Amino acid sequence: MEIFKEIASLKAFLKQFRQPGDSIGFVPTMGALHAGHLVLVQASRKENTLTVCSIFVNPTQFNNPGDLAKYPNTLQHDVELLEKVGCDVLFCPTQTEMYPHQDHIRFDFGFLDKILEGEFRPGHFSGVGLVVSKLLNIVAPQRAYFGQKDFQQAMIVRKLVADLNLDVVLKLVPTIREPDGLAMSSRNTRLSADHRKSALVFYKGLQKAKTLLQARVPFDAVQEEIKQFCESQPEIKLEYLALADSTNLSLLKSVTPQSILLIAGYAGEVRLIDNLMMNDEN
Ligand code: AMP
C-alpha cells in the first residue's frame, strides 16, 4: 500500500490512474478502523481499479473539543488492516496540510443540518461538508463509499455532490454490527465494560420501536416507551429517537414503506448513533 501525507504527492501519484477505463474508489474515514470501515474498502475494491482510503480526524466537524481530544488514534494498526484487505493507497494528512489557514469556509445544508445530528451537534455538518469537499477534490474519485450507520451524513454528502455538480457516484454500504447487534463504531473502544453492555439498548430500542410501530402504536407513545426502555440501563441518556423518510430525511409521525428509524444518545460519556430501515429484515 502506498502511503501519502501530502496532497501534492498524492495528486501526482493518482495521475497515472486517470486513463480511460480506470476508476478510483474512495473511502474517507477518521481511522481507528474496524470491520465496518473494511467492508467499504472491500466494496470499492470490487468496483474500481484503484482504492484510496483516507484517515483524517477532521477538527472542523467536532463541536465538542473533548470528543476530538479523546478520538482514538491507532494508525499503525489501521495500516495493517488496510494492507490485509488490499487497499491500494492511504492518504493520512496532518491538520496543517488540510487546513493551512485558521479561517475556513462554512456550509449551510438548510433543513438537513438543522435536525437530528445537526440539532444536537451544531456546526458538525458544516465541518463534514468542508472536509468531504476537500477530499473529493483532492482524490477526484469515480465512486465514494459511505456507511449507512451515519445516514444523515450520507444525505448531507448526497446534497453536497448534487449541489456542487461533482462527478462522483456515491455508494451507501449497510451497517456492520458486533455479534450482539451493537453498530460498530470507533467510539466503541472508549466504552467501559459496563457501558458497552448498556450501549446495546440503542439497537434493541430501534428493534423494539420497529415492532411497536408495526403493531400500529402511535409514534409519540413509541418515543416515550423507548426513552424509558433505554434510560432504564445504567448511564444511558437518549437524545432522540426519530422516524424519517429515508429519501429526504423529512420527519414522520407514521410509518411509510421508505421510513427509517434513527437513534442517538450517550452511554456514559460516549455519544453513539444508529438507525434501522423499517423495511429491512433485521
Ligand atoms: P468514521 O471513521 O466514523 O468517520 O467513518 C468512516 C466511514 O465508515 C463512514 O462512511 C461511516 O458511515 C462508515 N462506517 C462507520 N461505522 C460503520 C459500520 N459499523 N458499518 C458500516 N460503515 C460504517
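Whatever order the structure lists ligands and atoms in, that order sets their numbers, starting from 1. Note that the coordinates shown come from a computational prediction; the quantities given were computed from them, not determined experimentally.
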Below a 4.0 angstrom heavy-atom separation, can you tell me which part of Val27, side chain or backbone, both or neither, approaches ligand 1?
neither
Validation row: Ile156, Phe146 side chains within 4.5 angstrom (heavy atoms):
no
Relative to the ring of His104, is the ring of Tyr99 parallel (under 30°), tilted (30 to 60°) or perpendicular (over 60°)?
tilted
Return the closest protein heavy atom for atom 12 (O) of ligand 1 as residue, atom name and distance.
Asp150 OD2, 2.7 Å
Under 4.0 Å from ligand 1, counting heavy atoms only, is it the side chain of Met30, its backbone, both or neither?
both
Minimal non-hydrogen separation, His37 against Gly31, with atom names
CE1-O, 3.7 Å
Using a 4.5 Å cut-off on heavy atoms from C-beta on, say whether the side chain of Lys134 contacts that of Met98.
yes
Which segment of His34 sits under 4.0 Å of ligand 1 when only heavy atoms are counted:
side chain
With ring centroids as reference points, do Phe56 and Phe91 lie under 6.0 angstrom apart?
no
List the closest protein heavy-atom neighbour of atom 10 (O) of ligand 1: residue, atom name, distance to the nearest 0.1 Å.
Gly147 N, 2.9 Å
From CD (Gln258) to OG1 (Thr247), nearest 0.5 Å:
5.5 Å
Element-labelled atoms of ligand 1 that are located less than 4.0 Å from some non-hydrogen atom of Phe146
10 (O)
Can you name the atoms of ligand 1, numbered from 1 with element, that are less than 4.0 Å from a heavy atom of Met184?
16 (N), 17 (C), 18 (C), 19 (N)
Closest non-hydrogen protein atom to atom 20 (N) of ligand 1, residue and atom name please, with distance?
Ile176 N, 2.9 Å
Do the ring centers of Phe13 and Phe4 come within less than 6.0 Å of each other?
yes
For ligand 1, note which part of Lys149 has a heavy atom under 4.0 Å away: side chain, backbone, both or neither.
side chain
My understanding is that only one of Val89, Leu50, Asp88 makes a side chain to side chain contact (heavy atoms under 4.5 Å, CB included) with Phe17; could you say which?
Leu50
For atom 5 (O) of ligand 1, what is the nearest protein heavy atom, given as residue, atom name and distance?
His37 NE2, 3.4 Å
Counting heavy atoms only, which of Asn58, Leu40, Asn188, Val157 comes nearest to atom 8 (O) of ligand 1?
Leu40
So which bit of Pro28 gets within less than 4.0 Å of ligand 1, heavy atoms only: side chain, backbone, both or neither?
backbone
Heavy-atom distance under 4.5 Å between the side chains of Tyr203 and Leu276, does that happen here?
yes
Any heavy atom of Pro174 sitting closer than 4.0 Å to ligand 1?
yes
Using ring-ring contact (aromatic ring centres under 6.0 Å, His included) as the criterion, point out the one residue from Phe120, Tyr266, Phe202 that pairs with Tyr240.
Phe120
Geometric N/O contact Val39 with ligand 1, under 3.5 angstrom
no
For ligand 1, which atoms have a heavy atom of Thr175 less than 4.0 angstrom away?
19 (N), 20 (N), 21 (C)
